[in-house]
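Just so we're on the same page: letters track the sequence lines, and every chain starts at 1.
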Amino acid sequence: MKSKTRLNQRRNIYGWLFLIPAVVLIATMSFAPAVSALITSFKTGNGADLHFGGLKNYSRILKDAVFVQSIKNCFFYLIIQVPIMLILALILASMLNNNKLRFKGIMRTCIFLPCATSLVAYSIIFRTLFATDGFVNLVATKLHIISEPYNFLAHPTSAKIVIIIALVWRWTGYNMVFYLAGLQNIEYSVYEAAKIDGASALQTFLRITIPLLKPTILLTAIMSTNGTLQLFDESVNLTNGGPSNASITMSHYIYNQAFQGVPKFGYTSAMSFVILFLVAILAAVQLKVGDKRD
Amino acid sequence: MKRKLLGMLLTVSMTATILAGCGGSAPAPAGTADSSAQDTQTADTAEEPAKDSETADTQDASADTGNAGSGDSTLTVWTWDPNFNIYSITEAEKIYQKENPDFKLEIVETPWEDMQTNLGTILGSGNLSQLPDILLMQDFAFQKYAITYPDMFTDLTGSGIDFSKFGPGKLGESTVDGKNLGVPFDAGTEVACYRKDILEQAGYTVEDLTDIDWDKFIEIGKDVKAKTGYSLFSTQAGSADFIMQMVQSAGGKIWKDDGTPDFVGNEILVKSLETYKELFDTGVMDTGNSWDEYIATFTSGKTLGTINGCWIIASVQADETQSGLWSLTNMPKLSGISSATNYSNQGGSTWVITSNCKNVELASDFFAKTFAGSNELYDTILPGCAAISCWTPAASSSVYSEPIEFFGGEKIYSKIADFGAKVPAFERGVYFTEANTAIATAATNIVNGADIDKELEAAEETVNFNMGN
């Protein structure tokens, strides 16, 4: 009995020893800067000349028309893009889960491939595709869908839609992989049984796939929400926030404020914590709604 | 419940991790390394960013700073354009090496966008030891850094560099409280370049576009557009650089004496925006969404010309098949404004010796004998990369009066030097980037039909907000 406790203790110590490097790294590389950013967010001033200003930065945020606009933009992306992307990913995943399908590996790879591209590179490619003399306009005019090239990036709504299309292209495959992994945990016999009972493809999808994938769906929803609210590369490289801030994201605006004009690190840190706060609230809501396990 | 809590905690910490970077350094896009890096437009657009190389750059640079300590005659330089300012300072290094064979420059190619991010991070953290010995600074940002981070500069007044040989307007960009904080490098004198062959098809010559006002320009532009389908020139959408150029050409200003924005009811600014809208509506002016699209408008045939700082010549000359077809003249002036001229400025940059420079004496001697004292240098870099000097003795150089074949044998450099002497002064101020962005937003809305006064009011409010704490 005694030796068993000692063994357990030893195991525990080893466990902790193995954890220490990671804990130290995370604490010094992530948590310490985060705390220091929190402290900075209470300071006001330009450049290196910072002094304590209390909650001034946070009250200032509400008066910042451009930041409010950027919040609206992010929520626009979130509300439109995330559902489209997740539903597409679900459909693709359940299609590719079919045991009888041939060339599954190649197709999975192809759909996942966009995710391996650099964020900046793909943003620039999309910008070129949707340029006035770009590929999309060329095809559309040649097919006589439109008579004159349309300047997608110069109109508020179309600029946002281009970003959404780009995001869907880039991230659908990524989420699909999560669903595929989740689907491996569902016994194929369940589907076969459903088939014998005469369930249609839609019924199987709605009654078996979705309920059993719920934890995965929750995970991808939280990750996508998190990612969308922190969108940066697409806004910077694809539309440059334009036209007139119509597609600017919160992170892009924060970057501009910190590094383009006269730097205000206190204010930008405060804005960053607003994003954190928004993500935390949304994650809490999603957990509340989605996770009914305990 | 426990699991839920854990999940929540994980999500929050995940975001916190990513956000933590925002306090010090956000992920940075990079500017292009082409000649466009000379311009605020690139500062506004992030092109071909190399996120990875950005951090690599910083590391390289710090490594360089560290290594260079072994030999005191090696200086680290941050600058951005291989065909332009890197080329120029390399030529300067060669000249200085004739007298000082040990002298060496470690040049780290740092796009302006990256430079801004690096400087923001280094100066914000207060760890100035990461700065290079020398860096190149955009003139439009000089006052911002000089006021916000006075600690980053070495005061060069009385360092042996003869500042009296630089034009006063240009020198003013890098002077704060009578102290010389930089060595002027290139000017961005405004030029207008047009394709002669296409103009001729429409029955016009470049003389018709010389010394005219925008009304006449639009009249000719409409005719040319109807006959040939070409617009006369283009601008980059989402940037107010061109509007600023118009304001400067008429000797206008964007700041009141107390330093607050002077937008609403600013006659010259309103006239510039009206002209901008008319140019857009008539199709005489085309727009590119990004810098590369903008360059493509005049290199690949949507517009027959371009109006910008003289460094744009490097991009105009990119296509050798068009040699001899171009001509250079001055920009149109605002009509109905008594102070209007045909001359303006866009861009230009200044060398800075940082406060982290380990051998200020050597660095200032290098500048005194090259950029502030070598005809040989300017004779090399003018034809080499079209760097228009701000060092007055260089203007008498014979190189300036050489005919340039690409421009059909015109003596474009003496023309530009002549334009440069007539450019009205323009106060950019500390908050120039903020003003530029706000007016760009206003201009986009105005072009789409919004009311000028209302938009200017909103722009003024935005700038006032950004100036407050």
A:Ala65 portion near chain B, given a 4.5 angstrom heavy-atom threshold: neither
Region of A:Asn256 that comes under 4.5 Å of a non-hydrogen atom in chain B: neither
Find the distance between [atom1] ([X]) and [atom2] ([Y]) and round it off to the nearest 0.5 Å.
| X | Y | atom1 | atom2 | value |
| --- | --- | --- | --- | --- |
| A:Asn245 | B:Thr462 | CG | OG1 | 8.5 Å |
| A:Phe259 | B:Asp114 | CZ | CG | 11.0 Å |
| B:Leu123 | A:Phe265 | CG | CZ | 8.5 Å |
| B:Lys302 | A:Asp133 | NZ | CG | 5.0 Å |

A:Gln69 atom CD, over 12 foreign heavy atoms within 6.0 Å: yes
Looking at [X] and [Y], what are the two nearest heavy atoms and their distance?
| X | Y | result |
| --- | --- | --- |
| B:Glu293 | A:Ala131 | OE2-CB, 3.3 Å |
| A:Tyr255 | B:Thr117 | OH-OG1, 3.3 Å |
| A:Gly261 | B:Glu434 | CA-OE2, 3.3 Å |

For chain B, the option from A:Thr128, A:Asp64, A:Thr239, A:Leu153 that forms the most heavy-atom pairs under 4.5 Å: A:Asp64
Are any non-hydrogen side-chain atoms of [X] and [Y] less than 4.5 angstrom apart?
| X | Y | answer |
| --- | --- | --- |
| A:Arg127 | B:Asn289 | no |
| B:Thr437 | A:Gln260 | no |
| A:Pro263 | B:Thr148 | yes |

Side-chain (A:Lys63) to main-chain (B:Phe465) donor-acceptor, under 3.5 angstrom: no
Side chain to side chain contact (heavy atoms under 4.5 Å, CB included) assessment of A:Gln257 paired with B:Asn466: CA-CA 9 Å; A:Gln257 288 282 310; B:Asn466 281 318; 3.1 Å; yes
B:Thr444, part contacting chain A, at a heavy-atom distance under 4.5 Å: side chain
